[in-house]
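Reading through the structure tokens given below for one structure.
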There are 2 protein chains.
Amino acid sequence: MEERGHPGLHSGESLLFLTDEQLRKGIEAMFFAYRGFTADPDRILSGMEYGRAHHRAIHFINRSPGTTVNNLLNTLGVTKQSLNRVLRTLIADGLVESRVGEKDKRERHLYLTPEGEALEQRLSDAQRARMRAAYRAAGPEAVAGFRTVLEAMMDPDMRRQYLSLREENT
Amino acid sequence: MEERGHPGLHSGESLLFLTDEQLRKGIEAMFFAYRGFTADPDRILSGMEYGRAHHRAIHFINRSPGTTVNNLLNTLGVTKQSLNRVLRTLIADGLVESRVGEKDKRERHLYLTPEGEALEQRLSDAQRARMRAAYRAAGPEAVAGFRTVLEAMMDPDMRRQYLSLREENT
DNA sequence: CTTGGAATGTCAACAAGGCTGACTTAAAAA
DNA sequence: TTTTTAAGTCAGCCTTGTTGACATTCCAAG
């Protein structure tokens, strides 16, 4: 049934008119929506000694338990020095556990401790609540479109990262 | 025909199942897509003496020429001290002009100079090119859904800001 | 006219979280 | 065994956010 996916020109609706103004509105929508997207976890974390960087690390360690530091580096797109500062505090505070690799002892494998999982829950509950409300308000077709456009906006490397996080569903 | 817009339960498709995993994927999509979204202007600005904060200021001054510092503050959601640092360099470098208000001389009205407009063009051309490619790849229905979900994700104040930027179209 | 409040701007100090560069240690390769 | 590579650490810098204190300028109310 020729789902969207290739951009070619079928039923005369492609090669769509895209005025600069329409594109600008999309850009601004991303800007304002991202503010909302990060607002709830930021609120929770301010007051604790953590920030958005800690949230991201916790999120992806939870997502891929046992991941190595290097994997996490690539996922987050930051330098190892920057990540290290965050990981050190999380490990020192007992939210993350770092285990030396068995096959390759140069690697460290990262896991959330029960305390780390508890914080992850608090943060992602808040973020998911906003997401859920937005999805419900927008409806399933809008949600599908939302995901489609976001995927198309990613750099190919990021998109691969993103897709490889599937595993459990979509 | 009862377009999406209210979340109620019509034709049995609302109250949609939203598993935590689906919501997590949406969260990750936002994260990775936002990286792509900012990548091109960031690349242009690194090497110049400017950063993302300058881009944002330039974008919204271009969008609403003559806006006051206070308006810009509210739009950007930063403190005046933070914005001031950015504006000072842009004004010193001749990219932005600050005119004392005629009615209320306390206010400063901000305009891009021709040089400022030139930089704005370079930056937004790059950002729009990515947006245009994503929109084309995803198709018009996906684009509508994308906008709908992003709007639903904003805080009400941000949504008002966002909508008040329309004027010229949608 | 004077005074209070609003809008703007400045200075200083600080924090978060990016970055680069230099280094240690462990593992792998020569 | 020696060299090279990879992972991780430490030190220091930059951008951009924050607060707080304060000066200036102006409008508007008394």
- Give a yes or no answer on whether the side chain of B:T89 reaches the backbone of B:V86 with a donor-acceptor pair at less than 3.5 Å. yes
| Stepwise side-chain contact (heavy atoms from CB on, under 4.5 Å) check, A:E49 with A:D93 | CA-CA 10 Å; A:E49 60 202 13; A:D93 295 349; 2.6 Å; yes
Tell me if a side-chain donor or acceptor on B:R99 pairs with a main-chain N or O of B:H109 at a distance below 3.5 Å.
no
### Message
Any non-hydrogen side-chain atom of A:M154 less than 4.5 Å from a side-chain atom of B:R35?
### Response
no
Does any N or O in the side chain of A:R130 come within less than 3.5 Å of the main-chain N or O of A:G36, such that one atom is a donor and the other an acceptor? yes
Between CG of B:L83 and C1' of D:dT18 the distance, given in whole Å, is 14 Å
Between the protein and nucleotides 28-30 of chain D, list every N/O to N/O distance that falls short of 3.5 Å.
none

* To do: Just say parallel, tilted or perpendicular for the rings of A:F146 and A:Y135, cut-offs at 30° and 60°.
  => perpendicular
Donor-acceptor pair, side chain of B:T113 and main chain of B:L95, under 3.5 angstrom = yes
Separation of D:dT16 atom P from B:L90 atom CG, nearest Å, is 10 Å
Q: Using a cut-off of strictly less than 4.0 Å, decide whether B:R56 has a side-chain nitrogen or oxygen near OP1 or OP2 of D:dG17.
A: yes
Ranking A:S82 and A:G101 by the position along DNA chain C of their nearest nucleotide, the one closer to 5' is A:S82
5'-most to 3'-most nt of DNA chain C touching chain B (<4.0 Å, heavy-atom partner on protein side) reads C:dG5 to C:dC11
Between the protein and nucleotides 10-15 of chain D, list the N/O to N/O atom pairs that are separated by less than 3.5 angstrom.
none

| message | Looking at A:D20 and B:R132, is there a salt bridge between them, counting it only when a charged N and a carboxylate O are closer than 4.0 Å? | response | yes
A:L76 atom CG is separated from D:dG8 atom P, nearest whole Å, by 14 Å
In whole angstroms, the gap separating P of D:dC26 from NZ of B:K105 amounts to 6 Å
Whether A:R108 side chain and A:S98 backbone form a donor-acceptor pair below 3.5 Å: no
When rounded to whole Å, the CG to P distance for the pair B:L73 and D:dT18 reads 9 Å
May I ask you to decide if the ring planes of A:H55 and A:H59 are parallel, tilted or perpendicular, using 30° and 60° as cut-offs?
-> perpendicular
Q. Looking for any heavy atom pair under 4.0 Å, which part of the strands does A:T68 touch: base, sugar-phosphate only, or nothing?
A. nothing
Main-chain N/O of A:Y162 paired to B:K25 side chain as donor or acceptor, under 3.5 Å = yes
